[in-house]
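FYI, the numbering just counts along the sequence from 1. Basis for what follows: all heavy atoms, side chains included, without hydrogens, waters or symmetry-related copies.
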Amino acid sequence: MARFDPAALRRAHRVLSGYVERGEVPGLVSLVAAGDEVHVNVLGDKAIGGEPMERDSLFRISSMTKPVTAVAAMMLVEECRLRLDEPVGGLLPELADRRVLRRIDGPLDDTVPADRPITLRDVLTFRLGFGIVLAPPGATPIQRAIDELELVIGPPKPTTPLHPDEWLRRFGTLPLLHQPGERWMYQVGSEVLAILIARAADMPFERFLAERIFEPLGMSDTAFVVSAGQAHRFTTSYQADEVTGELHVFDAPDGQWSAPVPFPSGGAGLVSTADDYLAFSQMLLNNGERLLSPRSVALLTADHLTPEQASSGAPLLDHGLGWGFGLAVVNREDGLATKGRYGWDGGLGTSWAADPATGLTGILLTQRADWPAPWHARADFWTTTQTALT
């Protein structure tokens with residue numbers, strides 16, 4: 001028996017096709033799956049005036065990297081090479097004996113000692129005490145220090161010019177913005193986690209992902225670099241002008257992802273395809289099959305935030321969202337999403353979620369960034385996906 005209503009799937013195709021026909025995006029790939037039933041839309045072109053989009057076209061999945069990084073960490077927890085509530089200072093001495101700013105906009109020397117060490121659980125839940133400051137660029141001393149140290153905390157391009165150990169050394173010279181465990185702050189936890197994974201596994205972070213996650217799951221097109229043999233499948237990335245809506249190239253196929261970078265980002269660095277990411281999603285829906293225990297998956301996909309911490313994460317954690325390990329969790333019925341659904345979006349135009357209650361996976365891959373000009377394709381994809389389930 002079909003899990004999706006055919007008429008609703010046709011409506012979804014019409015809605016998504018409209019974005020391509022109106023010129024809001026050159027093309028896209030969408031995928032919905034439940035059980036053995038998989039439906040894919042392949043629309044438009046890989047670039048403006050370029051070759052037609054293909055099902056195996058490659059996209060920069062940006063923050064959809066974060067759940068992959070969290071899974072890698074939990075694999076090391078199961079092997080007892082990492083421990084959730086142990087201070088990370090053992091492997092990351094650069095983060096031991098922290099100090100904390102009295103005020104987030106205060107001078108860097110106006111600090112107090114941290115109440116306790118940073119733990120792996122803090123890093124996984126983005127409560128280590130540091131993250132993106134949601135203020136105009138350069139508005140506070142800590143933002144100016146981040147820029148001067150070339151840490152590049154934010155969008156996946158440009159990447160930091162620093163290698164991981166030097167990045168962490170410089171990062172360790174800065175005070176925390178909040179006490180460990182106190183508040184949710186975006187992004188930095190995944191970068192710290194990438195370095196922690198490399199040190200715990202005694203191998204480069206990108207190699208650990210390739211050997212321990214991508215190869216077992218058959219994710220042959222997921223990596224931090226697009227090889228020359230894959231370049232013809234790589235999409236061009238765009239941003240839209242806030243006023244005119246005109247699309248401008250953000251990154252071309254021969255751009256940043258065509259060669260290795262000094263620090264492969266655990267928060268936003270991967271390139272992937274719809275079918276590769278489906279394999280990752282199905283692994284989680286199948287209780288970690290081949291990679292993790294069911295208990296680890298349950299922990300990873302549970303909401304670990306207090307209501308106050310979730311509300312302080314706005315606008316990123318609006319609409320009934322909490323946070324697990326490297327991904328968002330729907331913690332209350334709010335709109336069409338089912339409580340317990342988990343996943344995350346990529347700021348360069350991608351989205352993924354999985355629903356253990358229904359077995360649903362939804363994946364949307366586009367080449368248009370969500371900033372600085374927001375658009376509605378992601379919201380419409382999820383509306384049509386949730387309402388297509390029979």
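- Side chain to side chain, R341 and Q386 meet the donor-acceptor criterion of an N or O pair below 3.5 Å.
- Judged by the 6.0 Å distance and 45° axis criteria, K157 is positioned over the aromatic ring of F250.
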message: Checking V29 against L364 for the side chain to side chain contact (heavy atoms under 4.5 Å, CB included) test, could you report, in this order, the C-alpha distance in whole Å, the side-chain angles of both residues, the deciding distance, and whether it holds?
response: CA-CA 6 Å; V29 176; L364 176 67; over 6 Å; no
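- Between the side chains of E86 and T119, not a single donor N or O lies within less than 3.5 Å of an accepting N or O.
- Listed by first and then second residue, the salt bridge (Lys or Arg N to Asp or Glu O under 4.0 Å) pairs involving residues 160-173 are E150-R170, D165-R199, E166-R169, E166-R170 (not counting sequence neighbours).
- In the model, S312 has no side-chain atom that pairs as donor or acceptor with a side-chain atom of Q309 under 3.5 Å.
- Residues passing the ring-ring contact (aromatic ring centres under 6.0 Å, His included) test with W344 are Y186, W323, sequence neighbours excluded.
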- request: Go through D202 and R207 one step at a time and tell me if the salt bridge (Lys or Arg N to Asp or Glu O under 4.0 Å) criterion holds.
  value: CA-CA 10 Å; D202 195 25; R207 181 179 154 201; over 6 Å; no
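- If you check the side chains of R127 and T125, you find a donor sitting under 3.5 Å from an acceptor.
- Not counting sequence neighbours, the partners of H39 by the ring-ring contact (aromatic ring centres under 6.0 Å, His included) test are F4.
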- request: Kindly indicate, with the supporting measurements, whether the criterion side chain to side chain contact (heavy atoms under 4.5 Å, CB included) is fulfilled by W167 and I195.
  value: CA-CA 10 Å; W167 185 94; I195 301 171; 3.8 Å; yes
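- A search for ring-ring contact (aromatic ring centres under 6.0 Å, His included) contacts involving F205 returns F224, not counting sequence neighbours.
- Linking ILVMFWY residues whenever their side-chain heavy atoms come closer than 4.5 Å, directly or via other members, leaves L348 and I48 in distinct clusters.
- Neither side chain, T273 nor D56, offers a donor N or O lying under 3.5 Å from an acceptor on the other.
- For R102 (side chain) and V112 (main-chain N/O), no donor-acceptor pair under 3.5 Å exists by modelled atom type.
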Worked check of ring pair (Phe, Tyr, Trp, His ring centres under 6.0 Å) between W257 and F59: CA-CA 10 Å; W257 279 265; F59 293 81; over 10 Å; no
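- For CZ of R295, the number of neighbouring non-hydrogen atoms (other residues, nucleotides, ligands) closer than 6.0 Å is 12 at most.
- Taking the six-membered ring for Trp and the full ring otherwise, the centers of H304 and F325 sit less than 6.0 Å from each other.
- Sorted pairs that involve residues 68-123 and meet ring pair (Phe, Tyr, Trp, His ring centres under 6.0 Å), not counting sequence neighbours, are lacking altogether.
- Side-chain atoms of D251 and S237 include no donor-acceptor pair closer than 3.5 Å.
- At a cut-off of 3.5 Å, with distance as the only test, a side-chain donor of D276 or T222 sits close to an acceptor on the other residue.
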task: List the steps and the verdict of side chain to side chain donor-acceptor pair (under 3.5 Å) for Q143 and T140.
output: CA-CA 5 Å; Q143 289 172 283; T140 63; 2.9 Å; yes
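- Between the side chains of K66 and S63, a donor-acceptor pair is found at a separation under 3.5 Å.
- Ionic pairing of R212 and E79 is present here: one or more N-O contacts between side-chain nitrogen and carboxylate oxygen are shorter than 4.0 angstrom.
- A donor-acceptor pair under 3.5 Å is formed between the side chain of T301 and the backbone N or O of V297.
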Side chain to side chain donor-acceptor pair (under 3.5 Å) between K46 and Q367, intermediate numbers included: CA-CA 8 Å; K46 287 176 279 190; Q367 317 110 298; over 6 Å; no
query: E191 and S265: side chain to side chain donor-acceptor pair (under 3.5 Å), yes or no, with the steps?
result: CA-CA 6 Å; E191 310 301 3; S265 169; 2.8 Å; yes
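- The backbone N or O of T358 lies less than 3.5 Å from a partner atom in the side chain of R3, making a donor-acceptor pair.
- Within 6.0 Å of CD on E211 lie more than 12 heavy atoms contributed by other residues, nucleotides or ligands.
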- request: Give the intermediate values and the outcome of side chain to side chain contact (heavy atoms under 4.5 Å, CB included) for residues V188 and I132.
  value: CA-CA 7 Å; V188 175; I132 292 176; 5.5 Å; no
- prompt: Can F214 and F280 be said to form a ring pair (Phe, Tyr, Trp, His ring centres under 6.0 Å), step by step?
  reply: CA-CA 8 Å; F214 303 151; F280 177 76; 8.4 Å; no
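- Judged as a ring-ring contact (aromatic ring centres under 6.0 Å, His included), and not counting sequence neighbours, the contacts of Y19 are W375.
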